[in-house]
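Just below is one structure, and these are the notes that go with it.
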2 protein chains.
Amino acid sequence: MAGALSSTIHGNLIARAVSSSNPKHPLFSHRPMVVAMSTDQSYWSSVNADLDTHLKQAIPIRQPLAVFEPMRHLILSAPQTSAPALCIAACELVGGHRNQAMAAASALRLVHASASTHENLPLTDRPRPMPRTRPTLYGPNIELLIADGIIPYGFELLARDDDAAENNSNRVLRAIIEISRAMGSQGVIEGQYNESQYEESEGEEIFHVGWLQNVCRKKEGTLHACAGACGAILGGGSEDEIEKLRRYGLYVGMVQGILSKVDERKEWPVKEVNKLRDLALKELKDFNQAKVKTISILVETRFCNL
Amino acid sequence: MAGALSSTIHGNLIARAVSSSNPKHPLFSHRPMVVAMSTDQSYWSSVNADLDTHLKQAIPIRQPLAVFEPMRHLILSAPQTSAPALCIAACELVGGHRNQAMAAASALRLVHASASTHENLPLTDRPRPMPRTRPTLYGPNIELLIADGIIPYGFELLARDDDAAENNSNRVLRAIIEISRAMGSQGVIEGQYNESQYEESEGEEIFHVGWLQNVCRKKEGTLHACAGACGAILGGGSEDEIEKLRRYGLYVGMVQGILSKVDERKEWPVKEVNKLRDLALKELKDFNQAKVKTISILVETRFCNL
């Protein structure tokens, strides 16, 4: 499948993606991976640029600055996730216009920023920040509250996207339900909980593939599945297309989740990633193949390297 | 106004409400306050019973129990707030049916439970729980995550209330925006922030009426204003009715907020409460007076005493 992909790529610059922390082990050792650095990269750059512009307009700098300055900063500086971009790409893949998915993509970025901020809080039962997290910038109490304020703002952005001219209320409500479920106790929260359990037992650390799968399925997987489904819903996709892009998102999220944790681990599951990539690409086979080439890059490399 | 109210009350049992911590100072020393204990009380009891039933059905006990058991407990045991009941009463006041506001009332209870749980977290920059809070039941990390999961669940409940037969998508979306704004950085979160600033300066404690007003306006006031507006929106009220019930809710919330903080303070602002009560009752003068009698009890006594 990777071979088929690379043969369709006409990029000017081809790069082999490797694990940054472990250059001796290419990410996909069984199948050398190629990434086109032109058309595909410019697509994702334009999606991200549009999303940034939209977010900056949507998040006002206003009084009280003690609230809105850190809110804006925590949203814009949160760790990168490919879920919002996938949401927009899924919308365009089913024939929708980018603007139809922009509010949902922004909401996804906000709820993800909130979850990341809370992950980083130093609570009394986890007194030291986890190794890969940053120090709190504004003090734990402020960051707790700001992140609490970010979640409803995400839902507000999405609910405000209701457009009488487009008669899209039902699609917007459906997207709200999708994001609610993804962020809730059977989605990202469950993943965070499972992840924290592992952190707590770190003394006896063995790298469990099962644990990694489970965390990535619930955290990154659920978020991306939701992103794929929301994009397809808002772009007017059929139920079949919505479910395909939901499953594609799940696999993308799991791959992205695994790749994001690879750098910190001695071992990482090559077979698992290859299996997920194959499953992901199967979900795309009935879509417009010109667009598929671009969207499928998300199971080929880390989004932050695009 | 209180006199006008009491003259319309035909309750069997009349009680004078007093500050529980300071029996020498009745709550409304300028105007003795009476509370009907029959018709009005049974109205609020039935509203709360219906809400409890709805919530228990809406919050499943399912796997993983480690997530859903504390979630259910934290929601059902959260401090009482009159906002959800006001939402239902406002809906009925404008001629709507109780069921039309039940999902929004449930969402209000959920987001309030989440905010209360986060208020109680022992963070490293507020290592001791504040005097009136409970110890964490499940450990800070779990309570952080559970409360994070409760907020989106509230929005999900509301978004799912969309009923094609009733064609109420636009009302539901409007209610989602109302709740988002109320819970966000210019509402409850701002109130919590202001409250935490006071807690931090407790060494030099003087009871500031201005501070109390500000905190109660943003916390309880905004939540109740939202509740009044949502109830009126979902019940099909006119724009004028929605705004009146929004303002009524603001005053109710401020009174409830002040009364809830009275017990811990040596002084409390009688004049302020009386002024808010008068403002509140003015907002109700154009509504059905039989129903007004019941709803106006919310500015007469603490909701938890009803």
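Side-chain atoms are counted along with the backbone in the values below, which use heavy atoms only and exclude waters and symmetry mates. First the proteins, then the strands, lettered A, B, ... as listed; each starts at 1.
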Report the residues that fulfil side chain to side chain contact (heavy atoms under 4.5 Å, CB included) with A/Ala225, sequence neighbours left out, ordered by chain and then residue number.
A/Arg246, A/Leu250
I'd like to check the side chain to side chain contact (heavy atoms under 4.5 Å, CB included) partners of B/Arg247; sequence neighbours left out, ordered by chain and number.
B/Glu243, B/Lys244, B/Tyr251, B/Glu283
Counting neighbours of CZ on A/Arg171 that are heavy atoms of other residues, nucleotides or ligands and sit closer than 6.0 Å, is the number greater than 12?
yes
From the list B/Asn170, B/Ile151, B/Ile146, B/Val111, the residue making the most non-hydrogen contacts under 4.5 Å with chain A is B/Asn170
Distance-minimising heavy-atom pair for A/Tyr193 and B/Ile142:
CE1-CD1, 3.0 Å
Would you please go through residues 173-189 of chain A and name the residues with a non-hydrogen atom below 4.5 Å from one of chain B, in numerical order?
A/Leu173, A/Ile176, A/Ile177, A/Ser180, A/Arg181, A/Met183, A/Gly184, A/Ser185, A/Gln186, A/Ile189
Can you tell me how far apart CG (A/Leu121) and CG (B/Leu121) are? Round to the nearest 0.5 Å.
8.5 Å
With salt bridge (charged side-chain N to carboxylate O under 4.0 Å, His left out) as the rule and sequence neighbours excluded, what pairs involving residues 60-81 of chain B come up?
none
Please state whether the rings of B/His118 and A/His118 are parallel, tilted or perpendicular, taking 30° and 60° as the class boundaries.
perpendicular
